[in-house]
2 protein chains.
Amino acid sequence: MDARFIPSKASDNSAACSAVRCGDCRLSGICLPLALESDDIDQLDNIIQRGRPLQRNAHLYREGDPFTSVYAVRAGALKVYHSSDGGREHITGFYLPGEIVGLDGIADNRHGSSAVALETSAICEIPFEALDKLTDRMPKLRRHFLQLMSREISDDRQLVSLLGRNSATERIAVLLLSLSNRSARRHLSATRLRLPMSRGDIGNYLGLTVETVSRTLTRLQRDGIIVVDNREVELCDPQALSDMLAA
Amino acid sequence: MDARFIPSKASDNSAACSAVRCGDCRLSGICLPLALESDDIDQLDNIIQRGRPLQRNAHLYREGDPFTSVYAVRAGALKVYHSSDGGREHITGFYLPGEIVGLDGIADNRHGSSAVALETSAICEIPFEALDKLTDRMPKLRRHFLQLMSREISDDRQLVSLLGRNSATERIAVLLLSLSNRSARRHLSATRLRLPMSRGDIGNYLGLTVETVSRTLTRLQRDGIIVVDNREVELCDPQALSDMLAA
DNA sequence: CGCCTGTTTGACTCGCGTCAATGAAAGTGG
DNA sequence: CCACTTTCATTGACGCGAGTCAAACAGGCG
């Protein structure tokens, strides 16, 4: 396997090495194959195209590209963004290992957004036609896929609420907690995070400026809630973060 | 059919009368049955439960309710909202005739939001298990349903971008244009609209206060772009509204 | 070493939220 | 049918949080 798959600084990219088959991937519990029998997993294995390494800043697909596949992130991280009329990009999500990208392309057979690697990433390509065909005889897979899409809708709506009504501090808190949860889901630390994205990306995603993001992180650190060291963040008091949202 | 189905002031509720079967419904072009053969439509007909009238302010489902069905709006209008920790509600969408509600419930078999009628509405209930079963042998239906969900994701992301970055005026413009498009899709006027929701609902949805919504509408009227009369709105210069978003 | 990108910090500005009051419309009960 | 209440909408005065502008700093890389 190509060594480029594994950025030297990333701590959680071991999946890239071992996962030649879904059944062996340590992300299988949170990715597509969830709840499949082993026979079924083999069939899914057969249609998935692996080993597509993506360098930092390389595009997985671009807005307007014909839609042919959805993609599972095996290692690394992606951001997904829309380019609006003015040419500015709006980030609508970050995708971490075990998560599925590209579901918004089904609507009209073209990708409605662009996906780009935040760091060197390993991706599983899942051709959609084949997947759809497979669901003919695999109701569980079909159901799981629908659930993934439904989850995406729920998540996006959470974000809508967040952006519509919450302060800068609350938005940052939600992002940190989200990254924490997703880290825990991969059996990694829930309190020590490495942010794969820049402050600019965070601001873009949360509808804030770089300056506000920076100031907010500084303030949270001054209040003893987090410790920030460049892109490393430690959540010293996750409860305090949660409490900010209860109000 | 019960006369309560038809609010006297609504101008576009004739579908409620004629649509006893999907094939006869004048919304069939934009609802689920799109792209189905007539045999298939009959089968879909068989699982759909109709004639569920919903009074203003009555709930179609509530957050946390077990998820059993998705719903097509046949007449009237719904709003969908989340209740956040503090007990405040955040509206995440308005649903007009021909649109499908409840897709976010698939993820974990409970509704992740609440849906309530803005005015007396007619609803088609589509039991999800039966629908899913039907898609076994109807790939077109399956595809169309996936497209509906995918569209929902795309739309929500548009909204995310909007709330994250745009001014009050731009948000209002987007909403007006969206309502205009959806009105045109139902072969109604694209320039004369009747808002089914209150100013408060609009503000809640767009992340603005009632006052800001009111002031913004007033200003748009003063600039000759729209004419507002209570809940009736005429778009005098739709191009001007579009132009606001290009920048 | 010097360039470039990303991050932090400070001073100033402004759009929108908040508070408050008034008016219009719709629903309610006698 | 009319008084009363309640809800919704509009308008004004004021303050704050986050955007803007600007400058300095750190780190990575050729």
Side-chain angles (χ1 to χ4, degrees), chain A residues 7-10 55-57 79 86 88-91 116 118-120 162-175 194-222 226-233 244 247, chain B residues 7-10 55-58 79 86 88-91 116 118-120 162-173 175 194-222 226-233 244 247:
Chain A
S8 54
K9 288 195 180 166
Q55 297 300 323
R56 184 177 138 85
N57 289 330
K79 66 176 174 185
R88 279 203 304 258
E89 60 182 56
H90 299 174
I91 297 172
V116 66
L118 289 166
E119 58 193 21
T120 307
L162 187 70
L163 297 190
R165 320 183 69 74
N166 294 82
S167 68
T169 312
E170 291 167 328
R171 298 184 202 191
I172 296 282
V174 166
L175 178 62
R194 198 183 136 279
L195 308 179
M197 71 296 277
S198 71
R199 302 287 192 272
D201 286 336
I202 293 175
N204 188 311
Y205 174 63
L206 295 175
L208 302 171
T209 58
V210 195
E211 296 93 325
T212 301
V213 173
S214 179
R215 273 188 262 268
T216 303
L217 289 175
T218 304
R219 181 152 25 83
L220 286 175
Q221 174 160 251
R222 210 191 49 217
I226 63 176
V227 173
V228 187
D229 174 28
N230 211 348
R231 294 198 175 182
E232 310 281 340
V233 179
M244 291 177 172
Chain B
S8 55
K9 288 192 179 169
Q55 297 299 325
R56 184 177 137 87
N57 289 330
K79 65 176 173 185
R88 280 202 304 257
E89 61 182 56
H90 299 176
I91 297 172
V116 66
L118 288 166
E119 58 192 22
T120 307
L162 186 70
L163 297 190
R165 320 185 69 76
N166 293 84
S167 69
T169 312
E170 292 167 328
R171 299 185 202 191
I172 296 282
L175 177 63
R194 197 184 135 278
L195 307 179
M197 72 295 280
S198 70
R199 300 288 191 272
D201 286 336
I202 293 175
N204 187 311
Y205 174 63
L206 294 176
L208 301 170
T209 59
V210 194
E211 294 93 326
T212 301
V213 172
S214 180
R215 273 188 261 265
T216 303
L217 288 174
T218 304
R219 182 153 24 83
L220 286 174
Q221 174 160 251
R222 211 193 48 216
I226 64 176
V227 173
V228 187
D229 175 28
N230 210 349
R231 295 198 176 182
E232 310 279 341
V233 179
M244 290 177 173

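Fair warning: this is a prediction, and the values are worked out from it, not measured in the lab. We use all heavy atoms of the structure for the numbers below, so side chains are in, but hydrogens, waters and symmetry mates are not. Proteins get letters first, then strands, A, B, ... in listed order; numbering begins at 1 in each.
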Among the candidates D/dT10, D/dT11, C/dT8, find the nucleotide nearest to the side-chain atoms of B/Val210. D/dT10
Side chain of B/Arg199: nearest nucleotide among D/dT10, D/dT11, C/dT8? D/dT10
Looking at every strand, decide which applies to B/Ser198 at a 4.0 Å heavy-atom threshold: base, sugar-phosphate, or nothing. sugar-phosphate
State whether the side chain of B/Asp201 and the backbone N or O of B/Ile91 hold a donor-acceptor pair below 3.5 Å, judged by distance alone. no
May I have the distance from B/Leu217 (atom CG) to D/dC8 (atom P), rounded to whole angstrom? 16 Å
What's A/Leu208 touching, base or sugar-phosphate or nothing? Going by heavy atoms closer than 4.0 Å. sugar-phosphate
Check B/Glu119 with B/Arg231, please: is the shortest side-chain N to carboxylate O separation under 4.0 Å? no
Roughly how many Å is it from CD in A/Glu232 to P in D/dA26, rounded to a whole number? 19 Å
Is the distance from OP1 or OP2 of C/dG15 to the nearest side-chain N or O of B/Thr212 less than 4.0 Å? no
In terms of the nearest nucleotide of DNA chain C, which residue is placed more toward the 5' end: A/Gly164 or B/Asn230? A/Gly164
Has the side chain of A/Arg171 got a donor or acceptor atom that lies under 3.5 Å from a matching backbone atom of A/Asn166? yes
Under 3.5 Å, is there a donor on one side chain and an acceptor on the other for B/Ser167 and B/Glu170? yes
Within this structure, what is the CD1-to-P distance between A/Ile172 and C/dT7, rounded to whole angstrom? 12 Å
Of all the nucleotides listed (D/dT20, C/dT7, D/dA18), which has the minimum atom distance to the side chain of A/Thr209? D/dT20
Without decimals, in angstroms, what is the distance between A/Arg231 CZ and C/dT5 P? 14 Å
Considering only heavy side-chain atoms of B/Arg56, the closest of D/dC8, D/dT20, C/dC19 is D/dC8
Quickly work out the B/Glu211 CD to C/dG15 P distance and round it to whole Å. 18 Å
Within this structure, what is the CZ-to-C1' distance between B/Arg215 and C/dC16, rounded to whole angstrom? 8 Å
Rounded to whole angstroms, how far apart are CZ on B/Arg219 and C1' on D/dT11? 13 Å
Checking all strands, does B/Gly203 fall into the base, sugar-phosphate, or nothing category for heavy-atom contacts under 4.0 angstrom? nothing
Using modelled atom types only, decide if a donor and an acceptor are shared between the side chain of A/Thr218 and the backbone of A/Ser214 within a distance under 3.5 Å. yes
Mind calculating the distance between CD (A/Gln221) and P (C/dT7) to the nearest angstrom? 15 Å
